[in-house]
Amino acid sequence: MQQGNRSLTVLREEPAQSLRAGGWVGRSSPMHCTASGRPLLFDSDDDLVEALTADELLAPTHGLAAPRSLDELLDRLHTERQRGYAVASEEVEIGLTSVGVLIRNHAGDLLAVINISGPTSRLIARIDQAAHRLRATATALESTLAQPRPPGAAPRG
């Protein structure tokens, strides 16, 4: 979910493995260096991307692989828009890789991003597989959201 120039994590599932990414629920993060944030920029023109990320791009608190300039960020966004998913490998912290996919409503408007994050050692060789599964999940969610509600059903949240 987008909050100004940051993305906000609203739900997280824990894996069975002992090596895990940290708790992100309720935490906001810069949009330019996360796989949950960059897809929120997919529909934005370059001027809006610059306006939303200018303050964060030069922040020294991000990992070494994070984009450090607007041109570098725009290059990544162009590639990610084309392939339909974002990858942030060691951009927030060393050893963490994430893949993110957009969820859209029936009109094609951006609703949310789903992502998977894990240790780079486990995820880096399976990025395409993770992206494929995330896209399938996003498609199923989009289809469900497009279904008309039965009469008398509570509004979707």
Side-chain angles (χ1 to χ4, degrees), residues 1-16 20-57 62 65-67 70-89 91-92 96-118 120 122-157:
M1 176 164 106
Q2 185 175 345
Q3 277 191 329
N5 67 347
R6 300 177 71 81
S7 63
L8 175 70
T9 301
V10 295
L11 181 67
R12 178 172 188 254
E13 291 293 321
E14 289 283 335
R20 305 170 182 180
W24 289 78
V25 174
R27 181 174 152 189
S28 69
S29 52
M31 293 188 339
H32 78 285
C33 63
T34 61
S36 59
R38 270 202 305 268
L40 294 172
L41 299 170
F42 280 9
D43 294 348
S44 301
D45 65 26
D46 293 356
D47 290 337
L48 182 55
V49 169
E50 181 177 19
L52 288 170
T53 63
D55 292 341
E56 295 282 352
L57 272 173
H62 309 304
L70 179 62
D71 287 339
E72 188 177 351
L73 172 59
L74 293 174
D75 286 345
R76 288 187 197 190
L77 279 171
H78 176 77
T79 299
E80 291 171 342
R81 286 173 182 139
Q82 293 296 316
R83 73 175 173 220
Y85 62 91
V87 175
S89 185
E91 293 184 33
V92 173
L96 180 67
T97 295
S98 300
V99 181
V101 172
L102 282 177
I103 297 174
R104 296 183 180 275
N105 67 14
H106 67 282
D109 300 321
L110 184 148
L111 288 179
V113 175
I114 55 173
N115 85 16
I116 183 169
S117 299
T120 299
R122 288 191 191 141
L123 192 53
I124 198 72
R126 300 189 294 193
I127 286 174
D128 290 335
Q129 178 185 12
H132 178 76
R133 288 183 177 182
L134 284 170
R135 183 69 253 154
T137 301
T139 298
L141 288 168
E142 291 166 349
S143 177
T144 299
L145 291 171
Q147 299 297 318
R149 287 181 302 163
R156 291 185 183 119

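Residues take their numbers from the sequence shown, with the count starting at 1.
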(message) Here's a test for you: under side chain to side chain contact (heavy atoms under 4.5 Å, CB included), which of L110, L74, L48, T53 qualifies with L41?
(response) T53
(message) Looking at A140, is its backbone amide N or carbonyl O close enough to the side chain of T144 to form a donor-acceptor pair, meaning the two atoms are under 3.5 Å apart?
(response) yes
(message) Please enumerate all residues that pass side chain to side chain donor-acceptor pair (under 3.5 Å) together with T137, with sequence neighbours excluded.
(response) none
(message) Within the 4.5 Å heavy-atom criterion, are N105 and L145 side-chain neighbours or not?
(response) no
Taking distance alone, no hydrogens or angles, what donor-acceptor pairs closer than 3.5 Å link side-chain atoms of residues 124-133 to residues at least two apart or in another chain?
residue, atom, partner, partner atom, Å
R126, NE, R122, O, 3.2
R126, NH2, R122, O, 3.3
D128, OD1, Y85, OH, 2.7

(message) If you compare all heavy atoms of L123 against all heavy atoms of G118, which two are closest, and at what distance to 0.1 Å?
(response) CD2-N, 3.9 Å
(request) Look only at the side chain of E80 and the backbone of V87, and say whether a donor-acceptor pair between them is shorter than 3.5 Å. (result) yes
(message) I need the I103 CD1 to L134 CG distance, nearest 0.5 Å.
(response) 9.0 Å
(message) Restricting to non-hydrogen atoms, name the atom on A138 and the atom on V101 that form the minimum distance, rounded to 0.1 Å.
(response) CB-CG1, 3.9 Å
(request) State the CG-CG distance between L102 and L40, to the nearest 0.5 angstrom. (result) 7.0 Å
(message) Contact between E91 and T34 at the side-chain level, heavy atoms closer than 4.5 Å - yes or no?
(response) no
(request) Provide the full list of side-chain hydrogen bond (donor to acceptor under 3.5 Å, both in side chains) pairs with a residue in residues 41-51, sequence neighbours left out, each pair given once. (result) D43-R104
